Protein chains: 2
Amino acid sequence: MSKSNNVYKDAYNRCLRLLDETKSLPSEPELGTLLGVSRTTVRSILARMEETGLIDWNKRNKTVLRAPRPEDFFPEEETDSLAEIIERSFMRRLLAGGAEAGMQINELELAREIGVGTTSVREFLIRFSRFGLIEKRRNSHWVLKGFTRAFALELTEIREIFELRSAAAFAALPEDSAVWADLDRLELEHRQLASEIATRFNEFSELDERFHRLIHRASHNRFIVDFYDVIAMIFHYHYQWNKAEERQRNEVAIQEHLAYIAALKSRDPGKVDAACRKHLKSARQTLLTSIPEGRQMQPA
Amino acid sequence: MSKSNNVYKDAYNRCLRLLDETKSLPSEPELGTLLGVSRTTVRSILARMEETGLIDWNKRNKTVLRAPRPEDFFPEEETDSLAEIIERSFMRRLLAGGAEAGMQINELELAREIGVGTTSVREFLIRFSRFGLIEKRRNSHWVLKGFTRAFALELTEIREIFELRSAAAFAALPEDSAVWADLDRLELEHRQLASEIATRFNEFSELDERFHRLIHRASHNRFIVDFYDVIAMIFHYHYQWNKAEERQRNEVAIQEHLAYIAALKSRDPGKVDAACRKHLKSARQTLLTSIPEGRQMQPA
DNA sequence: GTAATGTCTTTTATCGGGAAAAAACATTTT
DNA sequence: AAAATGTTTTTTCCCGATAAAAGACATTAC
């Protein structure tokens, strides 16, 4: 079987959405950039679109013949990369409970249960290990360290160090830096979301990530920027898992963000520090309350 | 070929050194713990030792018949794991120059040149990516970010944040903590090394790592502890590469460590902070001077 | 002559297989 | 009965192979 063509399927689906907007598609290289794939994949997409009568394709001419129908799309689950499938499956087990600290992780068993090769699982575990939740025993199995209270505290400690620093760096950026426009745009999005919170509260998670990444980038330090991957990952699954009071929490967070943005715009270090601290404190609280107190990691 | 038996060969060599010290070897499980391998490997070792007339092996009885000779040992290069081989080979290229920032890294080519399978190279690159020197383009090649001045500055910035924090935590540890004994032992080792600096200056690198790891552990934060892997890796290869003024540098560093240790023992936060800062500053300087000024990373 | 399309080559992502090493189970020894 | 040895099973590590995807080169269109 070797390799699934999820890249093609995902790009195909995204390309279908373009058909609604135009009467004819752009050049192959242009489509490639637009969809983030190579020309090889673009040509496969065009070939299929011609086959299914969606477009008429003749060299430079790619005329749209009809609007895409629901059945033209590939099923969602076929557009995920193996890495995403493995990650989701792994995180589900991890958060579903029964995943005690100290437990062994078996590559072969994981591979079998998910229905993929061992190589993909190995690569996933190696990549995943930087999140600090698992650890490798040389020439042997992986050990689960567990999504514990200790983990959350260690994670948020670093987050707070890094974000306070990044926020200070952000506020010190020159007037003509492009980030101020980015910040304005984010502020607007926050206000829009706040006004429609009743129906759109679940969109906050994505906005949250973009906001914090913008701030972290101001550190100009790859280790700080990369560390946000760990935070984003944890919060991503945390949000999926723990929906209790979601709307309420997000409403509070939006207001904190707006205060934080105002502080950044004031460029007053003291205000920035205070607003940042306040928000981080409640973020930590949210995370901590979702972790059951009972089980603690055993000392090694 | 599938898998090399380097674990066996390395353990065999280490086991040979035990023969000098005793008249008979301990039980199989005990040997396994001692050598850090499974009983399966222990039994392979014993089997060969019997074959080559090194021991007489009969059930619980493992009598040493003769002292090991140089030709009994497996060649050093056969005892390295594939991961180590790939890492060394990769770092040599990286530091040997000609490795410009932005350059592409080709898995297949690397695998061919080192003479290993692509899987091992891929796994290495994934593991290595957390050091911040390379980056993956989705569905495509890796990009070298380069061992640049910017890298060194970003690395040392984090190091300083983490170590100042860890040092403060260390000094605040209770009197009865085991770390104070560890620190005393390290202090002694420093003094011994200082007195024989003329002949043993190249042993400093290893002592340096142990010292800093001890301090970082006081943070009780896995992300801080793990980050020292990045520092250790960089300094390890940096030391191998840049031997200029090595003795002089190490002599200074030992004195700084001793002052740092004294400050920790005083448990005076102000003194700790000052001694730590002073040492980190000169460590940063050492690293920076070894990096050519000229080439800078291109903005993305 | 620039930028597209058409064609061919190389590289990446992933699997299955096989030897090395670990782990589990059964049996013996003290 | 605790701990060793003997035996069998399982898992990890690593390679080679193959389809998907990217990339390079050749050709054509404007």
Side-chain angles (χ1 to χ4, degrees), chain A residues 1-11 26-32 35-47 57-62 81-83 85-86 104-112 115-126 136-142, chain B residues 1-11 26-32 35-47 57-62 81-83 85-86 104-112 115-126 136-142:
Chain A
M1 209 195 312
S2 63
K3 191 181 181 179
S4 93
N5 56 352
N6 70 81
V7 171
Y8 155 72
K9 286 178 177 171
D10 180 54
S27 77
E28 295 173 12
E30 216 169 316
L31 262 175
L35 298 169
V37 295
S38 73
R39 252 190 72 218
T40 309
T41 305
V42 167
R43 287 172 69 87
S44 309
I45 292 171
L46 292 174
W57 181 26
N58 191 287
K59 313 225 163 158
R60 296 173 187 228
N61 240 41
K62 306 166 196 86
S81 76
L82 245 201
I85 293 168
I86 296 173
Q104 281 186 212
I105 298 166
N106 189 315
E107 289 177 6
L108 203 60
E109 193 185 307
L110 256 180
R112 271 194 301 249
V116 299
T118 49
T119 314
S120 315
V121 170
R122 277 176 71 78
E123 287 181 8
F124 164 74
L125 291 172
I126 295 171
K136 177 112 182 84
R137 294 284 137 84
R138 200 182 122 94
N139 261 309
S140 181
H141 54 265
W142 292 81
Chain B
M1 209 196 312
S2 61
K3 191 180 181 180
S4 94
N5 55 352
N6 70 82
V7 171
Y8 157 70
K9 286 177 177 172
D10 180 53
S27 76
E28 294 173 12
E30 216 169 316
L31 263 175
L35 298 169
V37 295
S38 74
R39 252 188 74 217
T40 309
T41 305
V42 167
R43 287 172 69 87
S44 309
I45 292 170
L46 292 173
W57 182 26
N58 190 288
K59 312 223 163 161
R60 296 174 187 229
N61 239 43
K62 306 169 196 86
S81 75
L82 245 201
I85 293 168
I86 296 173
Q104 282 187 210
I105 298 167
N106 188 317
E107 289 177 7
L108 203 60
E109 193 185 307
L110 254 180
R112 272 194 301 249
V116 298
T118 48
T119 314
S120 317
V121 170
R122 274 176 74 79
E123 288 181 5
F124 164 75
L125 291 171
I126 295 170
K136 177 112 180 83
R137 293 285 138 83
R138 200 181 124 93
N139 262 309
S140 180
H141 54 264
W142 292 82

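Please read all numbers here as calculations on a predicted model, not as lab measurements. Below, each value reflects all heavy atoms present in this structure, side chains not excepted, and no hydrogens, waters or symmetry copies. Each chain gets a letter, A, B and so on, in the order its sequence line appears, and its residues count up from 1.
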Candidates dA4(D), dA19(C), dC15(C) - which lies nearest the side chain of Ser27(B): dA4(D)
Nearest whole Å is fine: how far is dA21(C) C1' from Leu31(B) CG? 16 Å
Where each residue is assigned the nucleotide of DNA chain D containing its nearest heavy atom, which of Pro29(B) and Gly36(A) is assigned the position nearer the 5′ end? Pro29(B)
Degree of bending, the helix from dG1(C)-dC30(D) to dT30(C)-dA1(D) (end axes from five pairs; round to 10°): 30°
Non-hydrogen atoms of Val121(B) and Ile86(B) that approach each other most closely: N-CD1, 4.0 Å
In whole Å, I'd like the distance from the CG atom of Asp10(A) to the P atom of dA20(D). 16 Å
Got a sec, which residues hit salt bridge (charged side-chain N to carboxylate O under 4.0 Å, His left out) with Arg43(B), two or more places apart in sequence or on another chain? Glu28(B)
Readout for nucleotides 7-12 of chain D: B = base within 4.0 Å of protein heavy atom, S = sugar-phosphate only, - = neither; 5' to 3' it is B---SB
Can you find a side chain N or O atom of Thr41(B) that sits less than 4.0 Å from OP1 or OP2 on dA22(C)? yes
In whole angstroms, how far is the P atom of dA20(D) from the CG atom of Leu82(A)? 14 Å
How many whole angstroms separate atom CG of Asn5(B) from atom P of dC14(D)? 12 Å
dA4(D), dC15(C), dA4(C): which one has an atom nearest the side-chain heavy atoms of Thr119(B)? dC15(C)
For residues Leu82(B) and Ser120(B), report the shortest heavy-atom separation together with the two atoms involved. CD1-OG, 3.3 Å
Taking the nucleotide of DNA chain C with the nearest heavy atom to each, does Gly117(A) or Val42(B) sit closer to the 5' end? Gly117(A)
Distance-minimising heavy-atom pair for Ala11(A) and Val37(A): CB-CG1, 4.0 Å
Distance in angstrom units between Asn6(A) CG and dA22(D) P, rounded: 10 Å
Between Ile126(B) and Trp142(B), is the side-chain contact (heavy atoms from CB on, under 4.5 Å) condition met? List the steps. CA-CA 10 Å; Ile126(B) 295 170; Trp142(B) 292 82; 4.1 Å; yes
Between CD of Glu28(A) and C1' of dT27(D) the distance, given in whole Å, is 14 Å
Are side-chain heavy atoms of Leu46(B) and Leu31(B) found at a separation under 4.5 Å? yes
Testing the basics here: between Pro26(B) and Lys62(B), what is the closest heavy-atom pair and its distance to 0.1 Å? O-NZ, 3.0 Å
Run the side-chain contact (heavy atoms from CB on, under 4.5 Å) check on Leu125(B) and Lys136(B) step by step: do they pass? CA-CA 9 Å; Leu125(B) 291 171; Lys136(B) 177 112 180 83; over 6 Å; no
Among dA21(C), dT28(D), dG6(D), the one nearest any side-chain atom of Ser38(B) is dA21(C)
Looking at dA21(D), I'd like to know if its phosphate oxygens (OP1 or OP2) sit under 4.0 Å from a side-chain N or O belonging to Lys9(A). no
Rounded to whole angstrom units, what separation is found between the CD atom of Glu30(A) and the C1' atom of dT2(C)? 15 Å
Separation between NZ (Lys9(B)) and OG1 (Thr41(B)), nearest 0.5 Å, reads 13.5 Å
Quick one: label Ser4(A) by what it contacts on the DNA or RNA (base, sugar-phosphate, nothing), any heavy atom closer than 4.0 Å. sugar-phosphate
Show your reasoning for whether side-chain contact (heavy atoms from CB on, under 4.5 Å) applies to Leu35(B) and Ile45(B). CA-CA 11 Å; Leu35(B) 298 169; Ile45(B) 292 170; 4.2 Å; yes
What is the distance from CG of Asn58(A) to P of dG6(C), rounded to the nearest Å? 8 Å
Hey, does the side chain of Lys59(A) come within less than 4.0 Å of dA29(D)'s phosphate (OP1/OP2), counting only N and O? yes
